[in-house]
Structure formats: structure tokens, C-alpha cells
Amino acid sequence: MAIVAIRRRRSFLWRRILFISFVCLLVAAIRNIGFSRASNAAETVGGDDILFRRHLMSVETDNSSDDDVSDEHLDRQNCTPPTIHEFPPDIFTNQQRKTGALVVHICVVVYMFIALAIVCDDYFVSSLEKICERLGFSEDVAGATFMAAGSSAPELFTSVIGVFIANGDVGVGTIIGSAVFNILIIIGICALFAGQVVSLTWWPLFRDTTVYSVSIATLIYVIHDGKVQWYESLVMLLLYAVYIFIMWLNPKLYSKIERRSEKRRLKKAEKAKSEAKSDIELEQVTPLNPRTEAEPVIMVDEYICNSPKSLDVEEATGNIAGEVEEGPESPFNIPDGCWNIAKWILTFPLSFVLYITVPDCRRERFHSWYMLTFLMSIVWIVVFSYIMVWMVALIGYTLRIPDTIMGIAFLAAGTSVPDAMASLLVARQGLGDMAVSNCIGSNVFDILLGLALPWFIKTTLVNYGSFITINSRGLIYSVILLFASVTATIITIHCNKWKLDRRVGILLMIFYAIFLTFSILVEFNMFGYVNPPIC
């Protein structure tokens, strides 16, 4: 299920950069509006307004070039401590970043996106496939656990770094933004550019969205008071175990549902026949053979369970699957074409380091080394995610953009755009169920495990009895919008007779633009004081 969503990310790099550039322009425009609105509102009498006005004045007049601000000068009750103090000092001062050095940090972030794509595509996913094979997991259970971890690895480790290192909302913002991106943008892209009308089966979408809606409702309850207790994170982890159990029972559940539907159809047919006994032609047409009617049910069920196994992106794009077993090409092989050579030069340092430090378990001589591949891949994912979050923290601090917005707008787009492109390749083959179920299943993993697991470890194993603080009260509105986006998506697809076409794609894109704009405005305190300014 999640296998097809994590292949060949690098071929869509330019689309990723264009999309992130658009998001940057949107955030910059809304930021200017937000500061103008906040400056006007700050003239009213009130504690929070006065504090916010003072903070804004300090931002405008800040000519300091030193980021090392002592904690005693930070009013932690009325502002959010900057996350940059949780990372090593930058080689540039704040003033240097404002006058042009910030471009270097942006380039590093984009390069880390590429690095995460390489290590996930070429090594991490392959090791997970081997682990699933050795454990004998079914396709559904494997997709809900290990393969979902493969497609959501950047979001997962961003959440880990946000909890244990940054001590901010960047991890929560990234997962919420990624979840909305997956629901609206991925499905919207599949509807717009699949090249055909893609039909969907109601059961996989109903199953996944039901579990997903419960996950979102649970998240709303957990973060509504701004604190996450250990037992709340434990409930989320137990819900994920229930989701895995449902995926394990999926074939049996679907067969039972179809058999009951078949019985209802047979009863209706028998009733119609009994009411029209005098009509001989009707008697010859209406009888149904339960055996022949049940056969398509089995085929559909087998299709849902086995289609992710029988088709991957390499096959979907016309390439022969044998290529997969050979593993990534040697970084020393120079490709043909100017553009390919430029990409080879750009990614050579990454490819070379990974090639010599991580054994590729797809190669015959490293088949039994899959656990080492798995562990080394995690090491590099942690390193790349750490650098990515570090650079994003510096960018946000320099531009005075809250961590939540950096997560919702930037990190979510950078980690999810490749998944959207890979799902599009599957949708072009008419496998709409696979593309849609993959993005929703990844979201369930992100919320119930990507957020809950670091929270649980921090509040039990690391510091028992402590709690996780959610700095921005605006995140609750973003999660509510996330729930609304799921509802809007289901209603739109249902009204369109369970088909993906251009109309659905355009509507979902509009929904995402509304979500992104509203979330950014909320975090900039446009609708009330919900997010303390950066100290």
C-alpha cells in the first residue's frame, strides 16, 4: 500500500521547489498583512496587546547581530522561546542572515529534502520490505506498519526532533500540515492529472477515513488544553494497534459486507419476481445466480489486497521490475545529458556517502544485511532531519515566523510533495483505491504513531509524570480544519459518484488554499491572540 508512494522522488524535485516557492510567497504576503493588523490592534488597552506591541516594536528596531540572548531576558509567560537556542550556534549572525545569508539556509533545507528522498527511496524502504517478508506480514498489515513508516519517515523524525530537541511546535505543525496536504493535494493531483476518470471503491475509503476521523477527533481532545499527558499518548498508540487489527481483518470484513449486500440484492430481485409472476419475460430476466454474483466480490477483494503487491511505480512508468533488484546505480557512473549530469553533480556527495556507509540489501551479496541497512538508514534520516529542522528554525527566527507555520507550510510541503507525485503515477494506471488509501493510511500513522510515540517516550521513559506543552493555541483550529478537510473530501467524492475527475481536483485544490491561508492567519494572531510571539 505505502510501497508505491515512496519511489522515484528525485525525478520530481523541480515541482517540489516550485511549490515551496509559491508557499514562501503566500506566507510572506500574509505575514506583512498580519504584522500590519497586529500593529493597529496593539494600540488598544490590554495586557496581551501591549506585550505584543512591545514585541513588534522590538522586532522592527532590532539591529542586534547576536543570537545568544540570555534566558533571563525572555519573558517565557508572554512569548515563545526561540527554538534556535536548542541547536548549535549558527556561523552567521542574525543581521547577516537578514542581509542575504538566509539564502544559504534555504538551500541547505532543499538539499536535506533531496537527502531524505535518497536515503528513503534507495535504502530505508528496501530494508522494510525485507523485514516484512521475513516476518510474514500480510500486505495490509505491512502497509499499515512498516511501509507506512517508510513513506512517513521524514515526518516521524521531524516530530521526534521537535519533542526531544527543539521543544517546540514544529513537529506537530509538520504532521498536521502534511496530513492536510496528503488529503487535499495528493487526491487533487491524482484527480487533475491522472489522464482519465479514476473510479474508487467505497469500502477502502470508508474504512480509512473512519479510522482517520477517529484519530483526528482524539488529537483534538488531546491538545485542546495545550498539554499532552502520558496516558493521552498511550490512548493514541492503542488506537493505532486497533487500526492494524482492522487492516488484518480487512479481507474478511469486506467479504462479509459484500455477501450481505448480495443477499439484499437477491431479496429485492425475488420480491420483484414474485410481484410480477404473470410477466414471463420478467421471470426470465430477474433470477440471479448467487454463485455467479459472488465471484466478482472475490475478485474485487483480491484486487484490493494484492494490487499493491503486483504493481509498483517502476512498472507503472513502463520500466521493467528487474531494475529494482539491482539496487541504486553506483555514484561513480556519469549519466548522459546536461540536465542529468547537473543532477548527478548535485547529489554526488549524498549518493557517495550513503553508498559507502549503508549496505544495499537489494543487492545479492547484501540480502542478509537488511537489519544493518535498516539501522544505518535510520541514522542518516535522523541526521538529515536534524539539519533540516535546525535550518528551518533559523529561517523562522530570522523572518519572525512561528514554528507552527514553518511546519504547516514549509516542512509539510517539502516532505509530502514527492509522495503526491508517486501516487499520481499509480492513479494514471487507474488504481485510485491504492493512491487514496496510501495517503490516508500514512496520515493515520503520522497522527497516532508519529506524534504519540515521541510524546509517550518523553512523558514516561525520559521524564515520568511530565507533560508536553503545545505553545500555539492556534493548532487546535488547524486540527479542526483538518477534520473539515476530510469531511469535505468524502462529501465531494460521494457527490461525484465515487469518481476522481477534474472537478474534484479543482475543488480540493481550492480547499487546500483556504486551509493554508486560514491556518497562517490564525498563527499570526489575525483572529485573536492564540500564538505568543517569538521572544
Side-chain angles (χ1 to χ4, degrees), residues 2 5-6 23 83 113 116 120 148-186 211-224 228 232-233 236-237 239-240 243 381-382 385 388-389 392-393 396 402-420 438-458 468-472 474-483 485-486 512 515-516 519-520 523:
I6 41 187
V23 173
T83 57
F113 288 155
L116 287 169
C120 287
S151 63
S152 302
E155 292 93 332
L156 172 61
F157 287 99
T158 299
S159 176
V160 171
I161 293 172
V163 171
F164 291 99
I165 298 176
N167 294 320
D169 296 336
V170 64
V172 184
T174 299
I175 286 183
I176 293 174
S178 177
V180 179
F181 189 97
N182 289 347
I183 288 291
L184 299 179
I185 294 296
I186 287 184
V211 177
Y212 189 36
S213 299
V214 174
S215 305
I216 297 173
T218 305
L219 181 61
I220 292 175
Y221 175 78
V222 168
I223 70 172
H224 80 281
V228 181
E232 294 174 329
S233 59
M236 297 175 68
L237 293 175
L239 284 177
Y240 189 70
Y243 173 65
I381 291 174
V382 170
S385 299
M388 178 181 66
V389 176
V392 166
D403 292 341
T404 48
I405 294 181
M406 298 302 294
I408 291 174
F410 297 99
L411 291 180
T415 56
S416 299
V417 167
D419 292 344
N438 169 73
C439 67
I440 298 178
S442 296
N443 288 354
V444 174
F445 176 91
D446 286 344
I447 292 178
L448 295 184
L449 200 68
L451 287 177
L453 184 59
W455 288 346
F456 182 76
I457 294 175
K458 180 69 177 290
I468 303 296
T469 301
I470 305 298
N471 297 317
S472 173
L475 278 176
I476 189 68
Y477 300 107
S478 296
V479 179
I480 293 174
L481 285 176
L482 172 59
F483 186 84
S485 69
V486 177
Y512 183 75
F515 162 80
L516 193 60
S519 296
I520 294 173
E523 294 301 329

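Residue numbers start at 1 and run along the sequence shown.
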Contact check, side chains of Ser213 and Phe483, non-hydrogen atoms, under 4.5 Å: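 Answer yes - side chains close enough.
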side-chain contact (heavy atoms from CB on, under 4.5 Å) assessment of Tyr512 paired with Leu516: CA-CA 6 Å; Tyr512 183 75; Leu516 193 60; 4.1 Å; yes
Phe164 atom CZ, over 12 foreign heavy atoms within 6.0 Å: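 Enclosed: over 12 neighbouring heavy atoms sit under 6.0 Å from CZ of Phe164.
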CG-CD1 distance between Leu481 and Ile176, expressed to the nearest 0.5 angstrom: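 Interatomic distance, Leu481 CG to Ile176 CD1, rounded to 0.5 Å: 10.0 Å.
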Intermediate values then yes/no, side-chain contact (heavy atoms from CB on, under 4.5 Å), Glu232 and Thr218: CA-CA 9 Å; Glu232 294 174 329; Thr218 305; over 6 Å; no
Heavy-atom pair with the smallest gap, counting every atom of Ser215 and Ile447: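 The answer is O-CG2, 4.0 Å.
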Evaluation steps, side-chain contact (heavy atoms from CB on, under 4.5 Å), between Phe515 and Ile408: CA-CA 10 Å; Phe515 162 80; Ile408 291 174; 4.1 Å; yes
Minimum-distance pair of heavy atoms, taken over all atoms of Glu523 and Ser478: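 Reported closest heavy-atom pair: OE2-OG, 4.4 Å.
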Sub-4.5 Å side-chain heavy-atom contact between Val163 and Ile468: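 With C-beta onward as the side chain, the pair touches.
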Reported CD1-to-OG distance for the pair Ile161 and Ser385, which is rounded to 0.5 angstrom: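 Taking CD1 in Ile161 and OG in Ser385, the distance rounds to 5.0 Å.
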Val172 and Trp455, any side-chain heavy atoms less than 4.5 Å apart: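 Of all side-chain heavy-atom pairs linking Val172 with Trp455, at least one is under 4.5 Å.
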Heavy-atom pair of closest approach, residues Phe410 and Phe113: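 Heavy-atom minimum between the residues: O-CZ, 4.2 Å.
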Distance (rounded to the nearest 0.5 Å) between Met406 CE and Thr174 OG1: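 Reported value, rounded in 0.5 Å steps: 9.5 Å.
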Distance-minimising heavy-atom pair for Asp446 and Ile175: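 In this case the closest contact between Asp446 and Ile175 is O-CD1, 3.5 Å.
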Straight-line distance of Leu237 CG to Ile457 CD1, nearest 0.5 Å: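 Result: 8.5 Å between the selected atoms.
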Validation row: Leu449, Leu156 side chains within 4.5 angstrom (heavy atoms):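 Heavy-atom side-chain distance check fails, nothing below 4.5 Å.
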Interatomic spacing from CD1 in Ile470 to CG in Leu475 - rounded to 0.5 Å: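 Going from CD1 on Ile470 over to CG on Leu475, the span is 6.5 Å.
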Ile216 side chain near Tyr212 side chain, heavy-atom distance below 4.5 Å: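 They are in side-chain contact.
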Closest heavy-atom pair and its distance - Ile223, Ile476: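 Looking at all heavy atoms of both residues, the shortest contact is CG1-CD1, 4.0 Å.
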Minimum heavy-atom distance Ser159-Gly450, with the two atoms named: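 Closest pair (atom of Ser159, atom of Gly450, distance): OG-O, 2.8 Å.
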side-chain contact (heavy atoms from CB on, under 4.5 Å) between Ile381 and Leu116, worked out: CA-CA 6 Å; Ile381 291 174; Leu116 287 169; 4.0 Å; yes
From Ile480 atom CD1 to Ser485 atom OG, the distance as rounded to the nearest 0.5 Å: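 So the CD1 of Ile480 and the OG of Ser485 are separated by 12.0 Å.
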